[in-house]
Protein chains: 2
Amino acid sequence: MTDLADAVVAPPAADPSAVAAPAGTAAPAGPARRDEEPRWLSPVERAAWLRLLAVVELLPGVLDTQLRKDSGFSHFEYQTLAMLSEAPERTLRMTALAERTNATLPRLSHVVTRLAERGLVERAACPTDGRATNVILTDDGWAAVVGAAPGHVRTAREAVLDALSPAQVAALGEIAAQILTRLDPEGRMTDPGA
Amino acid sequence: MTDLADAVVAPPAADPSAVAAPAGTAAPAGPARRDEEPRWLSPVERAAWLRLLAVVELLPGVLDTQLRKDSGFSHFEYQTLAMLSEAPERTLRMTALAERTNATLPRLSHVVTRLAERGLVERAACPTDGRATNVILTDDGWAAVVGAAPGHVRTAREAVLDALSPAQVAALGEIAAQILTRLDPEGRMTDPGA
DNA sequence: CTCCTTTAGTTGACACAACAACTATAGCGC
DNA sequence: GCGCTATAGTTGTTGTGTCAACTAAAGGAG
């Protein structure tokens, strides 16, 4: 994994003569401008980072492929339907749904249009706010989620959970929670109600 | 995080009357067809899975945004250039580069075309195999990677590493390695040489 | 040497996501 | 109640990614 490691995270050093200054882990001899001198990664940090990057790169494809094949949904479509299936009345406002799925409003609007064409969701004007649109999961949509869920869970096991010891699963939960304090400080994806 | 949790991973149970069979964690009363009865996730598993999913969803956007803003690259373009910067002669075959970046050959071909238009890489016929194409990082491309690396490392710290204790970083490395045995059994992304 | 299969890569058509521009309603100040 | 600004969504355009078809060279069987 040396190539990937160095390439992504350290400045390129394959040709050391060409890049003296930014290559090293240590600061240059002279007084460094602090803002521009990054703290390079330690070997342990580098390994963790690169592997996380690989997971982040590969996992979406695995999920997408399984869902597409077994149920005809993209992962994003599945998440959209799943969020609705959990909501009271199986209904959510566009904005609320976009937050929970980490989608922009335009993206969600397009996806909802396509799902509506397939009869899985419906749009309805919000009675209390003329600007808002409610999205409602239809019975067909409900059935589709229920049908797709088992395969999705199986994939989660095969691709991730079953590769880990129980202690590692717990640790992963902790670690991911820590990371999310940076990536999602408001907890929009993890804590919809708040 | 209850909504997200249940929605993605458990079958929808907001309206219990509507979905008796597939909702529960326990097997139905009758003799279950083993292939179709998934093992639902325990609370700990579910929490870990959903948070991992959120990280996987959010991290690419963060990386992309920072690189795009500070250096004008997508994360994939950066990875492509970085791989080349590490390679002997700053040169790689299309196929080798595609493996290291987890790209399909068509995708890489398009990206290389665009990078070549910007003068960052060059195509060259492989002298030993008439079918192959070598991609070479130009001096401009080299300079671009060197310029982009510090910001990328800083983002890696801010978004992930600095949120974790040293022990957690080490644990993350272990866990991600375990997951990659499932996602990437051949180690193509993590072990280019082999 | 010739045919056939496999490998390497490019190209073009289509699908989807990001961004920007636009419409329409709500809510507020006066 | 008039006008302003902010909010909620939709629509169109543009850039990437995926898939399928295609070209071309390498390697093997006869």
Side-chain angles (χ1 to χ4, degrees), chain A residues 56-69 72-80 84 91-118 121-136 188, chain B residues 56-69 72-81 84 91-118 120-136 188:
Chain A
V56 162
E57 186 93 12
L58 294 169
L59 189 52
V62 171
L63 298 179
D64 247 41
T65 300
Q66 180 271 320
L67 277 169
R68 178 80 62 189
K69 187 163 64 70
F73 295 124
S74 69
H75 183 229
F76 180 75
E77 289 170 332
Y78 175 74
Q79 265 195 314
T80 303
L84 286 172
T91 300
L92 281 174
R93 298 253 300 250
M94 289 291 288
T95 303
L97 189 52
E99 270 200 356
R100 284 163 176 71
T101 54
N102 187 38
T104 59
L105 225 28
R107 177 184 183 186
L108 180 62
S109 185
H110 283 132
V111 170
V112 165
T113 300
R114 292 192 286 263
L115 290 175
E117 284 166 359
R118 295 164 67 179
V121 302
E122 282 171 2
R123 279 187 228 250
C126 176
T128 68
D129 187 335
R131 300 166 297 178
T133 305
N134 281 327
V135 187
I136 308 169
R188 292 181 310 175
Chain B
V56 162
E57 186 93 13
L58 294 169
L59 188 52
V62 171
L63 298 179
D64 248 40
T65 300
Q66 180 271 320
L67 278 168
R68 178 80 64 190
K69 186 163 64 71
F73 296 123
S74 69
H75 184 229
F76 179 75
E77 290 171 331
Y78 176 73
Q79 265 194 312
T80 302
L81 297 175
L84 286 172
T91 300
L92 281 174
R93 299 254 298 250
M94 290 291 289
T95 303
L97 189 51
E99 271 200 355
R100 284 164 177 72
T101 54
N102 187 38
T104 60
L105 225 27
R107 177 184 183 187
L108 181 62
S109 185
H110 282 135
V111 170
V112 165
T113 300
R114 292 192 285 264
L115 290 175
E117 284 165 0
R118 294 164 66 180
L120 304 174
V121 302
E122 282 170 3
R123 278 188 231 251
C126 176
T128 67
D129 187 334
R131 300 167 296 180
T133 304
N134 282 327
V135 187
I136 308 170
R188 293 180 309 173

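Numbers restart at 1 for each chain; the letters A, B, ... are given by sequence-line order, proteins then strands.
Between the CG atom of A:Asp64 and the C1' atom of C:dA15 there is a distance of 13 Å, given to the nearest Å. Atoms CZ (A:Arg93) and P (C:dA26) sit 11 Å apart, rounded to a whole Å.
Residues passing the side chain to side chain donor-acceptor pair (under 3.5 Å) test with A:Glu57: none are found, sequence neighbours excluded. Residues that satisfy the salt bridge (Lys or Arg N to Asp or Glu O under 4.0 Å) test with B:Arg131, not counting sequence neighbours, are B:Asp129. Partners of A:Val62 under the side chain to side chain contact (heavy atoms under 4.5 Å, CB included) rule, at least two apart in sequence or in another chain, are A:Thr155, A:Ala159, B:Leu183. The salt bridge (Lys or Arg N to Asp or Glu O under 4.0 Å) test applied to A:Arg118 returns A:Glu77, not counting sequence neighbours.
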Anything under 3.5 Å between a protein N or O and an N or O of nucleotides 16-18 of chain C, put it in a table, one pair a line.
{"from": "C:dA17", "atom 1": "OP1", "to": "A:Arg107", "atom 2": "NH2", "distance (Å)": "3.1"}
{"from": "C:dA17", "atom 1": "OP2", "to": "A:Arg114", "atom 2": "NH2", "distance (Å)": "3.0"}

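Residue A:Val135 is tested with A:Thr91, A:Leu84, A:Leu108 for a side chain to side chain contact (heavy atoms under 4.5 Å, CB included); the sole match is A:Leu84.
In summary, contact between chain A and DNA chain D, defined as any nucleotide atom under 4.0 Å from a heavy atom of the protein, begins and ends at D:dT7 to D:dG12 in the 5' to 3' direction.
At distances below 3.5 Å, not a single donor-acceptor pair connects side-chain atoms of A:Asp64 with backbone N or O atoms of A:Ser74.
To the nearest 0.5 Å, atoms CG (A:Asn102) and CZ (A:Phe76) are separated by 8.5 Å.
Shown for residues 123-136 of chain B: residues whose heavy atoms fall under 4.0 angstrom of DNA chain C, namely B:Arg123, B:Arg131, B:Ala132, B:Thr133.
Annotation: side chain of B:Thr133 is not in contact with side chain of B:Cys126 (no heavy-atom distance under 4.5 Å).
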**Item:** Full working for side-chain contact (heavy atoms from CB on, under 4.5 Å) between B:Leu92 and B:Asn134
**Value:** CA-CA 6 Å; B:Leu92 281 174; B:Asn134 282 327; over 6 Å; no
Run the side-chain donor-acceptor check on residues 109-117 of chain A: report pairs under 3.5 Å with partners two or more places apart or on a different chain.
{"from": "A:His110", "atom 1": "ND1", "to": "A:Pro106", "atom 2": "O", "distance (Å)": "3.4"}
{"from": "A:Thr113", "atom 1": "OG1", "to": "A:Ser109", "atom 2": "O", "distance (Å)": "2.8"}
{"from": "A:Thr113", "atom 1": "OG1", "to": "A:Arg123", "atom 2": "NH2", "distance (Å)": "2.4"}

